[in-house]
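We name chains A, B, ... by the order of the sequence lines, and we start the count at 1 in each one. Values in this document were obtained by computation on a predicted structure and should not be read as measured data. What's counted below: heavy atoms across the whole structure, side chains too, no hydrogens, waters or symmetry copies.
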Protein chains: 2
Amino acid sequence: MNVTGHTRRPPSIRDVATAAGVSYQTVSRVINGHPSVKQATRERVLAAIDELGFRRNATALALASGRSRAVTVLTANTTHYGYASILQGIEEAARAASYAVGIGVLESADEAAVTAEVRRAADAGGGLIVIAYDPAGVGALAAVPAELPVVGVVETPASPPPGDRPWVWTDDREAAYQATRHLLSLGHATVHYVAIPSSTRRTSARTSGWRQALKEAGAPEPRPVQSSWGPAGGHAAGLRLARDPAVTAILCGNDDLALGVLRALHDAGRSVPGEVSVAGFDDAPHSAYLTPTLTTVRLDFTGLGRSAFALLHGVLEQSAQIAPHPVSVPELVVRESSGPPPD
Amino acid sequence: MNVTGHTRRPPSIRDVATAAGVSYQTVSRVINGHPSVKQATRERVLAAIDELGFRRNATALALASGRSRAVTVLTANTTHYGYASILQGIEEAARAASYAVGIGVLESADEAAVTAEVRRAADAGGGLIVIAYDPAGVGALAAVPAELPVVGVVETPASPPPGDRPWVWTDDREAAYQATRHLLSLGHATVHYVAIPSSTRRTSARTSGWRQALKEAGAPEPRPVQSSWGPAGGHAAGLRLARDPAVTAILCGNDDLALGVLRALHDAGRSVPGEVSVAGFDDAPHSAYLTPTLTTVRLDFTGLGRSAFALLHGVLEQSAQIAPHPVSVPELVVRESSGPPPD
DNA sequence: GGCATGAATGTGACCGGTCACACAAGGCGC
DNA sequence: GCGCCTTGTGTGACCGGTCACATTCATGCC
């Protein structure tokens, strides 16, 4: 037992080696499961490891071997439900593979700031996962030096990350398509769209899925209302739409926006779903408990995070590459907030 | 310029040294800002660093010096608003101090699992911040070996972490006290309480603040309803309370519970705040947009995260210890969900 | 002029692992 | 009995930094 009071440094493989009466290399072989170690020796070493409470120093391992068993996740926000869930999924998979997970928050989309953040992440060693649902993330993905192992989490393969980098994606286009079709099938003449900030200059996947559904149904295409990420933005957009009596169905870029829109409609005295139907995006945990409960499209963010890690893991270990670009299939969840239009 | 196509390893201080015509030690001195380097030499070295694109290898630094400039945050959940905000605050402060941030999720409160997670975090090197608002977190904090630098984020100093470890806290007791007093001052005979899972076997700070306010007002003390963290738990608890016509005011352990309670009251046909008043805890972003908007107590989670990091930073760098146990002061936010009781 | 002093720089060991290679002992074929 | 391959183990260098100490040279003081 540790009798001396002062903090001693943790045992190294050389300490274990002396305790077991072998060379440090043999200890290294044992902890790496190398086959050519005599059973008796192996047991002695294991006993010594156990007795001294030896744990392999991750830093030294990383330095000596070059492999660091670490992932850094670059994300614009940890508070948003979707992002947090992806992170949770990554962490879960990483834990199972005994990888360490680091995070870097992209506070601004400013190029210098993004580059700095990417550099910091690169300094941490190991692989990178970039959540590229927004301008900051897209910028970060583009700023990652070519030689770094990275996986992008993107909203659509229509605008894949530069280079032939692996990515995972949610089929946002399909999801928006489904939600829009649902609203149209209830009899609405058209569906208005409150958009989250676009990740690129071009049209987002959600927007284009919505557009396609309208086009197929021959419905007029109103101008999408550009908004922010949070309920405040949804509220502002909702107030605007509420003034137009022709608006009977609104699709929102995410559930937080939908929440703001619901509240705005309430403030404007328009009933949901009696006068106006609302649908969201993500199926955040609170959406099932709002009044009215929110029709939305469920996306498996946690699973997405797990795939992202699995993909990166494959790249890092050069093991058999898994299915190249895993996709998570969206699922429409119909609740109280959508119904037929008023007569 | 890098003419060869194959990936070369990044330049080390020895590469810089040769390029600048000095020894590696001099390079080390320059990057560490050591005073006794001739101005001319320093400039030559800096030029070489710049030209080669040298970046100091964090792994080697950690191994050689023992200091790792890294924090690992142990938390039960990254999805919950409060937890995510604390994490965001920590990351923000860490970034400013150029520390790396790692995360470990405590998926179960099972002792073996928690210990394993703590060990993993310890292996990462650097300091630890444990969010101990729940049994898993409390267990983790207790399982951290004494020699490891750690800061706990706790709900109350009444049950401080074992050992004389630094901690930061939200004054949950005061917050619950304020919210309860607010409801009583509106004229309610008493206030019912829907509790989040307790972090310890003993009474939580929120519970005791609520209790104290009741006692001071001479109001009867109903049995608290034990619930979970999410809206589903709140919904179940709400349905139970809705059956009792004597219930006119409900305080909830967090805003998610409150959301479930609001919905349950709606399902039971009881109006808010007409028949029943509801108050939450945390001021999550959606609370201001619910219908009715939610009266709650705002806690500065981001600031709390920043203080936690600052405290740990002080410990790690042995710099002048900051105020030992920073507290974040709660702020009552009165919205639509609370009002006078029915006559 | 001799010598202590300090500024500027270099040398070797070290952190805790891995990797490439050397080496001894035992089993097998011829 | 010799060589050869396999099994089991040890030695030295290395990863990219830091640290403690040595060295050189110019300066100041008596």
Side-chain angles (χ1 to χ4, degrees), chain A residues 7-46 48-49 52-70 98 100 122-126 316-317, chain B residues 7-46 48-49 52-70 98 100 122-126 316-317:
Chain A
T7 302
R8 52 164 92 253
R9 65 164 172 64
S12 75
I13 51 168
R14 323 217 177 209
D15 299 327
V16 174
T18 356
V22 296
S23 79
Y24 54 82
Q25 181 58 259
T26 300
V27 177
S28 173
R29 288 198 180 93
V30 169
I31 59 187
N32 287 299
H34 191 97
S36 75
V37 175
K38 199 155 55 171
Q39 187 57 23
T41 316
R42 179 186 311 278
E43 274 158 18
R44 250 184 321 151
V45 171
L46 288 175
I49 286 179
L52 274 70
F54 167 83
R55 305 215 84 211
R56 180 225 244 104
N57 180 319
T59 305
L61 173 64
L63 180 59
S65 70
R67 304 179 288 269
S68 69
R69 299 190 79 75
S98 46
D123 285 350
L316 289 174
E317 318 248 304
Chain B
T7 303
R8 53 164 93 249
R9 63 166 173 64
S12 75
I13 51 167
R14 323 219 177 210
D15 299 328
V16 174
T18 354
V22 296
S23 80
Y24 54 83
Q25 182 58 259
T26 300
V27 177
S28 174
R29 288 198 181 91
V30 170
I31 59 187
N32 288 299
H34 190 97
S36 74
V37 175
K38 202 158 51 172
Q39 187 56 24
T41 316
R42 180 186 311 277
E43 274 159 18
R44 251 185 321 152
V45 171
L46 287 175
I49 286 180
L52 274 67
F54 167 82
R55 305 215 84 209
R56 177 225 245 105
N57 180 318
T59 305
L61 172 62
L63 180 59
S65 69
R67 305 179 286 269
S68 69
R69 300 191 79 74
S98 45
D123 284 350
L316 289 174
E317 317 247 305

Protein-nucleotide distance (B:Arg9, atom CZ; D:dG16, atom C1'), rounded to Å: 9 Å

Output yes when at least one side-chain N/O atom of B:Ser36 is less than 4.0 Å from OP1 or OP2 of C:dA7, else no. no

Side chain of A:Arg29 - closest among C:dT18, C:dG10, D:dG10: D:dG10

Select from A:Asn57 and B:Gly21 the residue whose nearest nucleotide in DNA chain C is closer to the 5' end of that strand. B:Gly21

Which of C:dT11, C:dA20, C:dG16 is nearest the side chain of B:Gln25? It is C:dT11

Is the closest side-chain heavy-atom distance between A:Arg56 and A:Asn32 below 4.5 Å? yes

Looking at B:Ser12, I'd like to know whether one of its side-chain N or O atoms comes within less than 4.0 Å of OP1 or OP2 on D:dG16. no

Does A:Ile13 reach a base, just sugar-phosphate, or nothing at all? Heavy atoms under 4.0 Å. base

Nearest-nucleotide wise, let me know which of B:Ala60 and B:Pro35 is further upstream toward the 5' end of DNA chain C. B:Pro35

Inter-residue atom distance B:Asp15.CG - B:Arg9.CZ, 0.5 Å rounding: 5.5 Å

Selection from D:dT9, C:dT11, D:dG16 that lies nearest to any side-chain heavy atom of B:Tyr24: C:dT11

First locate atom CD1 of B:Ile13, then atom CZ of B:Arg29, and finally report the distance between them rounded to the nearest 0.5 Å. 11.0 Å

Phosphate oxygens OP1/OP2 of D:dG8: is one of them under 4.0 Å from a side-chain N or O of A:Thr26? no

For B:Ile49 and D:dG16, give me the distance from atom CD1 to atom P, rounded to whole Å. 16 Å

Which value, rounded to the nearest 0.5 Å, describes the distance between A:Gln39 atom CD and A:Thr41 atom OG1? 9.0 Å

Walk me through whether B:Arg69 and B:Glu317 qualify under salt bridge (charged side-chain N to carboxylate O under 4.0 Å, His left out). CA-CA 10 Å; B:Arg69 300 191 79 74; B:Glu317 317 247 305; 3.6 Å; yes

Could you state the CZ-P distance from A:Arg42 to D:dT7, rounded to the nearest angstrom? 14 Å

What's the NE2-P distance between B:His34 and D:dG17, to the nearest Å? 19 Å

Under 4.0 angstrom between B:Ser28 side-chain N/O and D:dC19 OP1 or OP2: no

So what does A:Thr41 hit on the nucleic acid, given a heavy-atom distance under 4.0 Å: a base, only sugar-phosphate, or nothing? sugar-phosphate

Measure the OG1-NZ distance between A:Thr26 and A:Lys38 for me, rounded to the nearest 0.5 Å. 11.0 Å

I want to verify a distance call: between C:dT11, C:dT18, C:dG16, whose nearest atom is closest to the A:Leu63 side chain? C:dG16

Nearest to the side chain of B:Arg56, which nucleotide is it out of D:dC21, D:dT9, D:dT18? D:dT18

Figure out the CD/P separation between B:Gln39 and C:dA8, and round it to whole Å. 10 Å

side-chain N/O A:Arg14 vs D:dG10 OP1/OP2, d < 4.0 Å: no

Would you say C:dT18 has OP1 or OP2 under 4.0 Å from some side-chain N or O of A:Asn32? yes

At 4.0 Å (heavy atoms only), tell me whether A:Arg67 reaches a base, stays on the sugar-phosphate, or touches nothing. sugar-phosphate

A:Arg55 near the nucleic acid: base, sugar-phosphate alone, or nothing, with a heavy-atom cut-off under 4.0 Å? sugar-phosphate

It should be established whether A:Ser65 places a side-chain nitrogen or oxygen under 4.0 Å from OP1 or OP2 of nucleotide C:dG17. no

